[in-house]
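Following: one structure in structure tokens, then a few remarks.
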Protein chains: 2
Amino acid sequence: MTLSNYSNEDKVLLAVDCIIFGFDKEELKILLIQRDFEPEKGKWSLIGGFLKKEENLDEAAIRVLHHLTGLNDIYMEQLYTFSKVDRDPADRALSVAYYALIDIKNHDSSLLKRESSKWFNLKDAPNLIFDHNRMVERSLARLQRKALSKPIGFELLPTKFTMRQLQKLYEAILEKKLDKRNFINKFNSLDILIKLDEKDMSSSKKGAYLFQFDEEKYNSKVEDGFSFKL
Amino acid sequence: MTLSNYSNEDKVLLAVDCIIFGFDKEELKILLIQRDFEPEKGKWSLIGGFLKKEENLDEAAIRVLHHLTGLNDIYMEQLYTFSKVDRDPADRALSVAYYALIDIKNHDSSLLKRESSKWFNLKDAPNLIFDHNRMVERSLARLQRKALSKPIGFELLPTKFTMRQLQKLYEAILEKKLDKRNFINKFNSLDILIKLDEKDMSSSKKGAYLFQFDEEKYNSKVEDGFSFKL
DNA sequence: TAAAAAAAGTGTGTTTTAAACACTTTAAAA
DNA sequence: TTTTAAAGTGTTTAAAACACACTTTTTTTA
């Protein structure tokens with residue numbers, strides 16, 4: 001057996017582009033960079049890079065994400081592979097889009113300046129190069145679906161959070177208002193949060209109890225057939 | 001601006017592999033071929049091909065599907081891109097998996113022999129080459145989810161079908177028994193089927209009414225905010 | 001020609017889940 | 001001491017999901 005079977009086939013460049021979501025001030029945000037190279041220099045874009053021969057796609061995405069945020073354990077999921085023939089005017093290149101969720105307070109923000117990157121409210125993000133707008137659209141749709149069926153929302157929050165923060169997060173993701181009591185009742189019935197003895201005093205005089213996601217409990221419940229449904 | 005920006009980046013082979021589902025005799029089936037070339041000659045595999053420079057991924061999948069089935073309008077959806085570094089022992093090649101749903105009675109079955117391909121019950125399909133088993137697993141999971149939230153099941157049935165066939169189809173997809181009355185009540189409440197004056201006599205003495213998916217009605221209901229939920 | 005067999009067809013009651021809804025508590029600031 | 005701003009807390013109603021069994025039709029067979 002030789003490698004010659006495939007020798008007549010075309011090879012292509014494969015980009016990995018990341019939609020990085022964050023959450024702050026009751027708003028869903030995405031992290032964008034201003035390109036400092038051609039084509040489309042100066043325009044806003046998702047962060048990305050090209051797949052190297054010796055790595056798989058997840059590794060490429062982790063590399064790209066780490067480079068921009070300094071973070072190592074980022075929630076991240078492959079979204080879709082975009083392949084329009086002329087999507088990149090410079091050369092035939094496909095792009096595998098990943099979306100990532102990070103706690104916006106937790107990354108090394110000094111890295112952002114070096115890359116001239118910036119957090120935007122999702123709602124008023126600028127136009128992006130190539131097909132990156134479509135990638136963002138699609139990632140939001142995925143996030144909306146997934147947030148209802150898996151406990152991934154916590155990735156966007158600090159370890160300790162108030163119920164109000166949690167509710168505002170889901171409102172931002174789902175782009176609709178939720179009823180406070182129904183939301184809390186629902187989450188309580190899931191029984192996967194730990195109520196701490198600590199209060200967050202930053203947003204009110206009275207103070208609000210802090211909660212934590214009980215990942216161990218969640219995992220063991222899942223093993224017993226439980227499934228997160230909001 | 002030149003093309004030289006990307007000139008140091010690695011290029012890779014990109015395969016497109018298709019999981020083709022069918023439905024017959026109350027069983028969910030997949031179409032496999034026996035490879036007639038190295039590597040892994042003689043082993044069972046998904047059908048696939050390599051992406052060409054001048055086509056996008058959907059076009060490549062359509063090409064591959066048409067070649068094997070003779071069909072042109074196949075329901076088809078991109079699933080996931082598999083990228084383990086050594087997934088193909090012959091060369092660094094990634095694979096974009098697509099899954100497709102076809103009416104098993106409707107393809108040109110003379111093409112199958114030429115490619116030494118064969119329908120298998122999903123349950124007792126043979127081991128496949130490379131990472132194709134994982135592709136099949138993932139496609140089934142996607143099909144199960146999607147069949148509950150989009151009316152794609154009809155793609156696996158002839159235009160006219162009985163309620164029993166429809167129920168057996170969903171039972172095969174979801175891998176669980178459903179209650180006949182609840183199933184019919186549910187579908188009736190969706191109000192997207194046309195009951196024909198015709199009966200199918202093939203499976204009983206009494207005969208069973210044939211139904212048709214009313215795609216126009218479905219589309220117009222969707223525009224009014226309806227969404228298919230089984 | 002009556003009985004058996006095999007699939008088609010059809011509704012209701014119960015339980016669970018979703019949704020609507022408003023007042024009280026707390027603590028700081030005025 | 002009154003005002004203010006957010007936190008916290010249950011109940012009622014409506015809708016959806018689920019469990020559940022007999023009758024009809026027609027062919028086959030005894």
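Residue numbering restarts at 1 for every chain, and letters A, B, ... go by the order of the sequence lines. On a predicted model such as this, the values are computed, not experimentally measured, just so you know.
The distance between atom CE of B:Met163 and atom C1' of C:dA7, rounded to the nearest whole Å, is 15 Å. Rounded to whole angstrom, the span from the CG atom of A:Asn188 across to the P atom of D:dG10 amounts to 10 Å. Computed from coordinates, the A:Phe183 CZ to D:dA7 P distance equals 13 Å when rounded to whole Å. Rounded to a whole Å, the CZ atom of B:Phe187 is 13 Å from the P atom of D:dA17. To the nearest angstrom, P of C:dG9 lies 12 Å from CD of B:Gln167. For the pair B:Phe228 CZ and D:dA16 C1', the computed distance is 16 Å after rounding to whole Å. Going from atom CG of A:Leu210 over to atom P of D:dG8 covers 9 Å, rounded to whole Å.
Crowding of A:Lys160 atom NZ: a count of heavy atoms from other residues, nucleotides or ligands under 6.0 Å not exceeding 12.
The pairing partner recorded for C:dA30 is D:dT1, the criterion being a Watson-Crick or G-U wobble arrangement whose two distances lie under 3.5 angstrom.
Taking both residues in full, the closest heavy atoms of B:Leu111 and B:His67 are given as CD1-O, 3.9 Å, listed atom of the first, atom of the second, then distance. Between A:Ser83 and B:Leu57, the closest heavy-atom pair is OG-N, 2.9 Å. When all heavy atoms of B:Ser204 and B:Ala208 are compared, the closest pair comes out as OG-N, 4.5 Å.
Using cut-offs of 30° and 60° on the angle between ring planes, the pair B:Phe213 and B:Tyr218 is tilted. Ring planes of A:His132 and A:Phe130: perpendicular class, angle over 60° (limits at 30 and 60°).
B:Lys217 and B:Asp191 are joined by a salt bridge, as a carboxylate oxygen and a charged side-chain nitrogen come within less than 4.0 angstrom of each other.
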Sequence-aligned protein contact record of nucleotides 15-25 of chain C, with B where the base is within under 4.0 Å of a protein heavy atom and S where only the sugar-phosphate is: ---SBBBB--B
What donor-acceptor contacts under 3.5 angstrom involve side-chain atoms of residues 161-170 of chain B, with partners at least two apart or in another chain?
unit_1   : atom_1 : unit_2   : atom_2 : d
B:Thr162 : OG1    : B:Gln165 : N      : 3.0
B:Arg164 : NH2    : B:Glu26  : OE2    : 3.2
B:Gln165 : OE1    : B:Thr162 : N      : 2.9
B:Gln167 : NE2    : B:Glu171 : OE2    : 3.0
B:Gln167 : NE2    : B:Leu178 : O      : 2.9
B:Lys168 : NZ     : B:Glu171 : OE1    : 3.3

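Within residues 197-204 of chain B, the residues approached by DNA chain C to less than 4.0 Å at the level of any non-hydrogen atom are B:Ser203, B:Ser204, in residue-number order.
In this structure, the nucleotide among C:dG9, C:dA27, D:dA7 sitting nearest to the side chain of B:Tyr209 is C:dG9.
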Worked check of ring pair (Phe, Tyr, Trp, His ring centres under 6.0 Å) between B:Tyr80 and B:Phe82: CA-CA 6 Å; B:Tyr80 194 78; B:Phe82 293 80; 5.2 Å; yes
